[in-house]
Amino acid sequence: MSLSRRNFVIATSVAAGGSMVLSACSSGGGGDTAGSGSSAGTTKYSAVTIGTKDDSTGPAPEVAGAKKGGTIHAIGPDDFSHLDPQRIYYSWNSTVANLYVRCLTGYKIAPGGSMKLVGDLATDTGTMSDGGKTWTFTLKDGLKWEDGSELTVDDVRHGIERGFASFTTEGATYVQTWLTGSTDFRSVYKGPYGGKHLDSIVTDTAKKTITFHLKTPRGDLNWALAMHSYGAVPVKHDTKEKYDKDPVSAGPYRIKQHSVDKSMTLVRNTHWDPKTDAIRTAYPDSFTFEFGPEGLQATDRLIADSGTDQYAVMAYSGVPAERIQKVISTPDLKSRTANGLLTGLYYYAINCKRVTDLRVRQALNYAWPLEQIRKIYGGPSAGDYATTILSPDIAGRVKYDAYGKLTKPQGDTAKAKALLKEAGKLGQKIVYTYPQGASDAYDKTKVVIANALKEAGFDPVVKPVESTSYYDQIQQIDNQFDVMWFGWSPDWPAAYTLIQPLFDGTTIANGANNVSQLNVKWVNSAIKKDAAITDTVKSEAAWAALDKEIMQKEAPIIPETYQRRFYLYGTKVGGAEFDPLFSAFILYKLYAKS
Amino acid sequence: MTSPMPSAAPFQVAADPGAVPPAPTAPSQGGAGRSPGRLAWLRFRRDRTGVLSAWVVLFFFVAGLAAPLIAKLYGKDPYTTYGQNQSGLLNDFGFPIKPNGGISGDFWFGIEPQLGRDVFTLLLYGIRNSLLIATVTTLLVTLLGVAVGITAGYLGGRIDNLVGRIIDILLAFPSTLFFIAFWPVMISIFVSPEDNTPTWLIVVSLISVMTAFGWAPMARLLRGEVLALREREFVEAAKVTGASPARIIFKELLPNLWTPILIQGTLALPMYVTTEAALAFLGVGLQDPTPDWGVMIQRGSQVYQNDITYMLFPGLTMVIFVIAFNLLGDSVRDALDPKIRR
């Protein structure tokens, strides 16, 4: 159902952060950090709450000490792959979409990172009726596009209907599926260009309301609508495929110039009224993006902190493992960082179609050298060991440790070997794959993984795949890999968006995200059953229980880490905060110091 | 360039194949009864820099060849991740705890950041693998370049034209890009997707591709030299006496071309060490855990801000080796060709 590849973005750099205080190290020596490792991490996980109508009313709270004017420069390795809101799914596209795309709902982020779901274009987070089958939203007054024309309910509907068009396959598909009741929703409705509107969305221009009639009850439509894939698009200025090049802004900034793979400039949108926006502040006069420099290069430039780099931030690739010690142990640099845990889970998917014996999958879990892997990523500053499918920021998540990974993070090869022997599979070949070229770290972790597997009695075969075609290859049903590096971020902080796409056997297809290809009846029916629970507390408990049960009874994945990312910013940048949602800087909160 | 005495040339070279015909100054330096080779050897031995460089180069080759033996005596291997297995060697960030890259009685050159392997044996095996690949490639490239270049230059006409165009194409060809695109395809043909790629296959394919794209500069250079040489009187004379083209190429022309060949060859060897490292960096050459000299240096350049020692050893040895090899090449040329004095 879903096709989130947010993980791809997260994957491109293994970065790290933390709050360690280290003694300065001698040149050439790393210095002893014994005892300080456990205190890593400043960000606490907190569940997202739903805000009231007051919370949804603008203007957004001022950032203390902020002043208007200036330019913020952002440095990133790659250009944004899409600017058309309906084609945005990757979180790195979303970091910039925050500046010009507005959806019905959005996340209001308080200083420190706690989030509230509030109305963005809508006055509140919507009214649910008919047991979750009908949802109504009312638009705020004074909403305008960058040309000064009014943003209407038709534009909001148009944005959702564009999600059905043939050229917007990159976006999210939740709402389309719920509206039509079919995963093959494009055969039901072909998008707004045939002159037909979707029957299940009703708009009332006079009352400024938009009503959704869902085929299945969903208590979380307002969460899904916060995704940029459901951003509003002006009916009058829709240029279809070409909209990806020059989208029309409803937010505080508009795109002034964009040369592909080189640079992009956003300037103030004068028709944006701060009173309509409870989420965004807009201090700098403009933002410029520079595409090209990799994480290491960008880090070195920000460490040097000269010229316009004083006003620069790392757009979405974090400080790499090679510099993390330097950055954390130098107080001046440390004070210029923002860090946080990524929302998702990094894991290794075990191909259940090829590795059919549960005991072998359990043995892999026991043997996996988490500690060695994390040391290569940069130690405790690179994240926390993962033992569950659900990440800690998911509401209702219950921590458990089915394979003793917290007590023996270096891997229990003896136990793995005993399990293998019991299964009669000693010397079983395990084909391990990872994306090559995305990060040096994976070229290193493969060595410790192969060593551990050898020690546990496996016959490891390492088959890296070139990073640009990595996902296409491992998402083939008949691939020849046994263990595949993978990662997943929830689309909104609910267990459904983690477990359903990854473990529902009915979704298995070429290109689908159930990379483990787990297709077990009891899991499939449990997912279906849990998804229908509308009571929040009961639903959360049911998902948490299912999480544990899947890992214990099926072991389809090896959870690795909840990764921490660490970003540097220049000395003249103010208001730098880590976005808990898209794992980058919150651009609209930044300001330029004089 | 030496111009041999025309009348004596065919016979003299035939009598001492492989050596340059005696230069006019030779008799005054050496005296009667000594062969040109012997004279060159004597001149080389008088060149202190040359002798020292020769010892250094020899040392590297011996160290490379004897790497397994040295590693055995030393008691470590380049594959075990000591720093990961034993606590107290690497800190939480994966860098050595002890100063100077973790140098200690157990780890003479320190330990590698992150993976924690022993730098000393890693370097020994890296030198061994890199030198093996670079030496074989250089020999093949030189052989092929010399054969093609001289043949094309001497025969001229259509063949020269054809070879010239092939060289043009090869020089203009983006060989690195080609290798990156072609290599995975080739490996997938030879290796089942469920097996590890054997290291020998990587080595053989590296050598063959670098040779296939590497001979062109050498061939072009020699073709030009031969074009100038073939109009000289001694070649005319050989032709008149009825010598076959093969004889003229190998016995008349080749001995006059040792200088450019040696210079090109000595430049090529260190170049292939770096080329091979660059390919490894792009994911198509030798891969971890197979140790490689160039890969170590690249790794060093990434971590030098925290661990300069790790860059120092492979970097310093590489510099020493490349300088020594170039100086050796110079000295050998001077010895063979005393007319050119620095």
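When reading the values below, keep in mind they use all heavy atoms of this one structure, side chains included, and skip hydrogens, waters and symmetry mates. So that the names make sense, note that chain A is the first sequence line, chain B the second, and so on, each numbered from 1.
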Next on the checklist: I'd like to know if the side chain of B:Asn196 reaches the main chain of A:Val462, judged simply by a donor and an acceptor atom lying under 3.5 Å from each other, with no hydrogens or angles considered.
Outcome noted: yes
Checklist entry - If you measure from CZ on A:Arg374 to CG on B:Asp92, what distance do you get to the nearest 0.5 Å? => result 7.5 Å
Checklist entry - Any sub-3.5 Å donor-acceptor pair from A:Arg323's side-chain atoms to B:Asn306's backbone N or O? => result no
Next on the checklist: Given heavy-atom pairs under 4.5 angstrom as the criterion, report whether the side chain, backbone, both or neither of B:Leu90 touches chain A.
Outcome noted: both
Checklist outcome for this item: Tightest non-hydrogen contact, residues B:Phe93 and A:Ile328, listed as CE2-CD1, 3.9 Å
Item to check | Contacts with chain B made by residues 296-303 of chain A (heavy-atom distance under 4.5 Å), listed by residue number | outcome: A:Leu296, A:Asp300
Checklist entry - Between A:Ala321 and B:Gln114, what is the shortest heavy-atom contact and its length? => result CB-NE2, 3.5 Å
Next on the checklist: Report which part of A:Lys326 has an atom under 4.5 Å of a heavy atom belonging to chain B: side chain, backbone, both, or neither.
Outcome noted: both
Next on the checklist: Once rounded to the nearest 0.5 Å, what's the spacing between atom CD of A:Glu322 and atom CZ of B:Phe95?
Outcome noted: 7.0 Å
Next on the checklist: Measuring only between side-chain heavy atoms, which start at C-beta, is A:Gln325 closer than 4.5 Å to B:Asn91?
Outcome noted: yes
Next on the checklist: Which atoms of A:Lys463 are under 4.5 Å from chain B, going by heavy atoms: the side chain, the backbone, both sets, or neither?
Outcome noted: side chain
Item to check | A:Lys415, NZ: over 12 other non-hydrogen atoms inside 6.0 angstrom | outcome: no
Checklist entry - At a heavy-atom separation under 4.5 Å, does B:Tyr310 approach chain A through its side chain, its backbone, both, or neither? => result neither
Item to check | CZ on B:Arg117 to NZ on A:Lys444, rounded to 0.5 Å | outcome: 7.0 Å
Checklist entry - Given B:Thr81 and A:Gln372, is the side chain to side chain contact (heavy atoms under 4.5 Å, CB included) satisfied, shown in steps? => result CA-CA 10 Å; B:Thr81 52; A:Gln372 290 90 320; 6.0 Å; no
Item to check | Structural part of A:Pro460 lying under 4.5 Å from a heavy atom of chain B | outcome: backbone
Next on the checklist: Contact between A:Lys429 and B:Asp195 at the side-chain level, heavy atoms closer than 4.5 Å - yes or no?
Outcome noted: yes
Checklist entry - Roughly how far, to the nearest 0.5 Å, is the CD atom of B:Gln84 from the CD atom of A:Gln410? => result 10.5 Å
